[in-house]
Amino acid sequence: MSVRVRFAPSPTGFLHVGGGRTALYNYLFARNMGGTFILRSDDTDRARSTTEFQQDILDSVAWLGLDWDEGIEVGGSSESYRQSERLARYQEVAAQLVADGKAYHSFASPEQLDEFRKEAMKEGRSPAYDGRHEPDPGEAAALVAAGEPATVRFAVPRPGTTVFTDVVRDEVTFDHLQVDDFVILRSDGTPTYHLASTVDDVDFGITHVIRGEDLLSSTPKHILLTEAMGAQRATYAHLSLLMGPDGKKLSKRHGHTAIKAYRDEGYLAPAVVNYLALLGWSPGDDETVVDLDEMIRRFDLNAVSKNPAIFDTDKLDWMNGVYIREMNPDQFVASVLDLVEAGLGRSLGEDEQATLVEIAPHVQERAKHLTEVPDQVRFLFSEIEYDESSWQKVMTKEGADVAVSAARDSIAGLESWSVEAVEAALRGMLEAKGLSARKGLQPLRVAISGSSVSPPLFESIVALGKERTLERLSRAHSLQA
RNA sequence: GCCCCCAUCGUCCAGCGGCCUAGGACUCCGCCCUUUCAAGGCGGCAACGGGGAUUCGAAUUCCCCUGGGGGCGCCA
């Protein structure tokens, strides 16, 4: 039987990094096995679900490059991949379970349930509700007929246990004393997550359920439901959760958790994917930079780590730099052009774009985030302001004024305008004035870029152009006096 | 309170009874390269949570403890 997996987020928030990793592992497993990757929406919580979140999730999964074979926007054998559009089916299943005696109408009030749980905890028992406050079947039927509001609960067989083999955790056992008679249909007739998700998994022929560990203890419910429907249980794989740097559950206070935020911060999707993949899995040898195709080839669900991983952006930052350097130059320019223009607040003319292309390789080598690029190239496209500390550090040093004026003179006389020619002229100047490269060249950097940190000097000068270079050297020199 | 899961450098991962004086990557620290900043090269610091047991032999198996995480809703 061919593998079918699904990523089934609830659109109650932006797609966060943990969700992204779950989607990725589903994707890698499906592709590795030649299976089908399905994207569905578990939007049974209509109060909290929004179309904005839904769109964010779709966009984010697509941005990561995880294309899905069936589901929202692409369709498939099911009429809908949104739970909000499949209510009738869930109600049908619930009715059948009641008819089969595997579920029952429940009239217990919230107060009664609350009381029951409190008492159980106080006495050291599991707070799992076992249906003890329900009327007998005959009376229940009468109440339903009379229109008395009721939820539908699944009748968990007790005593009993559910044992299953989790792909990442091996054998897991739950005593049914710990599993309560969970609600499958609310009193307003809508399904709960457990019902909707399980029915979908059965209906869509999901063979492997790969999801977060937070659902591990709900798994007996899903298995019980599946089998009560007369279907075969899926294979489960529960991924450990992602933690913040303090070891606590990852949340907003740890910085960005939304996938989209990483895109906005100048991260490359392949870098994010690579980093996320390594949070709980490794290709086996000592490699850390692995592209998607390679991951697909080597992915093994059995090799996924059981321990929770801390999401620490240091390594992601490094990896992003690696991926930026690996881009081909055209790609790099294309991906920073918008950022540069946005930073400038205007679009670049043709000549300016050529200048950007010229300097791009030198900033590509240095950037960890695409978002750093605008600042690094700004001096080429707009007037500069001298960075105060750079000026103090460099321009007030002995010899700085000599270097700037001598550099101006040597450049002014240049016939050809190339990196080689500029370098030769300036090195000649250093020699003539007896200045070290450090003492003689740093002032020029500040003079033309405004900062003591910039792309390589000779390349920067050439990109700036002769006229503007001379202007800036003159201006700097006049300020030095 | 009850149940479940987890436990190797600060972090991510390798290790699946002898190849381990525990390996790689990130971070950090030196040095080299160098016109700045990066990148790159070389080197360094740094871990098997504790206690039992099994075994000729344990990071690897078992038990207990401790620590961390998750769950216990008419949320998902």
Side-chain angles (χ1 to χ4, degrees), chain A residues 8-10 12-13 42-45 47-49 106 110 113-114 117-118 120-129 149-153 166 168-169 172-175 177-180 182-188 190 192-194 196-197 212-220 238 240-241 243 245 247-249 275 278-289 305-319 321-322 325 362-368 376 390 394 423 426-427 430 436-446 449 451-458 460:
Chain A
S10 294
T12 54
D42 282 16
D43 58 350
T44 50
D45 185 346
R48 291 198 298 146
S49 297
S106 168
L113 293 166
D114 200 44
R117 292 180 184 119
K118 272 191 186 141
M121 286 202 212
K122 214 167 97 188
E123 292 170 10
R125 301 195 326 270
S126 160
Y129 180 58
T151 60
V152 176
R153 288 181 181 274
D166 187 282
V168 340
R169 276 151 223 291
V172 184
T173 304
F174 285 91
D175 191 313
L177 251 23
Q178 304 298 333
V179 183
D180 64 354
F182 54 101
V183 172
I184 58 176
L185 228 48
R186 301 183 186 108
S187 52
D188 66 0
T190 62
T192 60
Y193 167 78
H194 298 303
S197 176
E213 196 194 339
D214 50 335
L215 268 337
L216 184 62
S217 44
S218 295
T219 303
H238 288 90
S240 57
L241 269 18
M243 302 296 163
K248 301 291 180 200
K249 200 177 145 131
Y275 176 71
L278 261 32
L279 249 33
W281 175 75
S282 93
D285 50 29
D286 288 333
E287 287 177 67
T288 55
V289 178
S305 160
K306 302 181 216 290
N307 31 351
I310 290 177
F311 185 85
D312 173 16
T313 49
D314 276 349
K315 195 166 188 169
L316 172 59
D317 288 346
W318 164 79
M319 193 167 271
V322 170
R325 273 172 258 130
H362 306 289
V363 322
Q364 178 175 1
E365 213 177 302
R366 291 164 168 72
K368 270 198 162 72
Q376 290 188 18
S390 292
V394 176
E423 176 163 7
L426 292 177
R427 289 209 187 277
L430 291 179
S436 67
R438 190 182 200 90
K439 293 199 112 180
L441 263 25
Q442 270 302 83
L444 310 185
R445 185 186 308 283
V446 174
S449 76
S451 166
S452 60
V453 176
S454 83
L457 184 63
F458 308 131
S460 295

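Convention: sequence-line order gives letters A, B, ...; per-chain numbering from 1.
Residue contacts shown for H238(A) are absent, as no nucleic acid heavy atom lies under 4.0 Å away. R325(A) comes within 4.0 angstrom of the backbone, heavy atoms only, and of no base. Here G280(A) lies in heavy-atom contact (under 4.0 Å) with sugar-phosphate atoms only. Across all strands, T173(A) comes closer than 4.0 Å only to sugar-phosphate atoms, never to a base (heavy-atom distances).
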Per-nucleotide protein contact string for nucleotides 23-36 of chain B, where B marks a base within reach and S marks sugar-phosphate only (heavy atoms under 4.0 Å, - for neither): SBBSS-------BB
message: Walk along nucleotides 65-72 of chain B from 5' to 3' and tag each nucleotide B, S or - by protein heavy-atom contact under 4.0 Å, base first, then sugar-phosphate.
response: ---SBSSB
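On a pure distance criterion of 3.5 Å, a polar donor-acceptor pair joins the side chain of S187(A) and the base of rC74(B).
Under the Watson-Crick or G-U wobble criterion, with both distances below 3.5 Å, rC28(B) is paired with rG44(B).
Checked against side chain to side chain donor-acceptor pair (under 3.5 Å), E423(A) has the following partners two or more places apart in sequence or in another chain: R427(A). Qualifying side chain to side chain donor-acceptor pair (under 3.5 Å) partners for T219(A), counting only residues two or more places apart in sequence or in other chains: R211(A), H238(A). Listed by chain and number, the residues in a side chain to side chain donor-acceptor pair (under 3.5 Å) with T190(A) are R186(A), D188(A) (sequence neighbours excluded).
Between P9(A) and V172(A), the residue anchored closer to the 5' end of RNA chain B is V172(A), taking for each the nucleotide with the nearest heavy atom. For L279(A) and D188(A), each mapped to the nucleotide of RNA chain B holding its nearest heavy atom, the one lying further toward the 5' end belongs to L279(A).
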Restricting both atoms to N or O, compile the protein contacts to nucleotides 41-47 of chain B shorter than 3.5 Å, with distance only.
none

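Straight-line distance between the C1' atoms of rG18(B) and rU55(B): roughly 12 Å, to the nearest whole Å.
Inter-residue side-chain proximity for D312(A) and Y275(A) is flagged as met; some heavy-atom pair is nearer than 4.5 Å.
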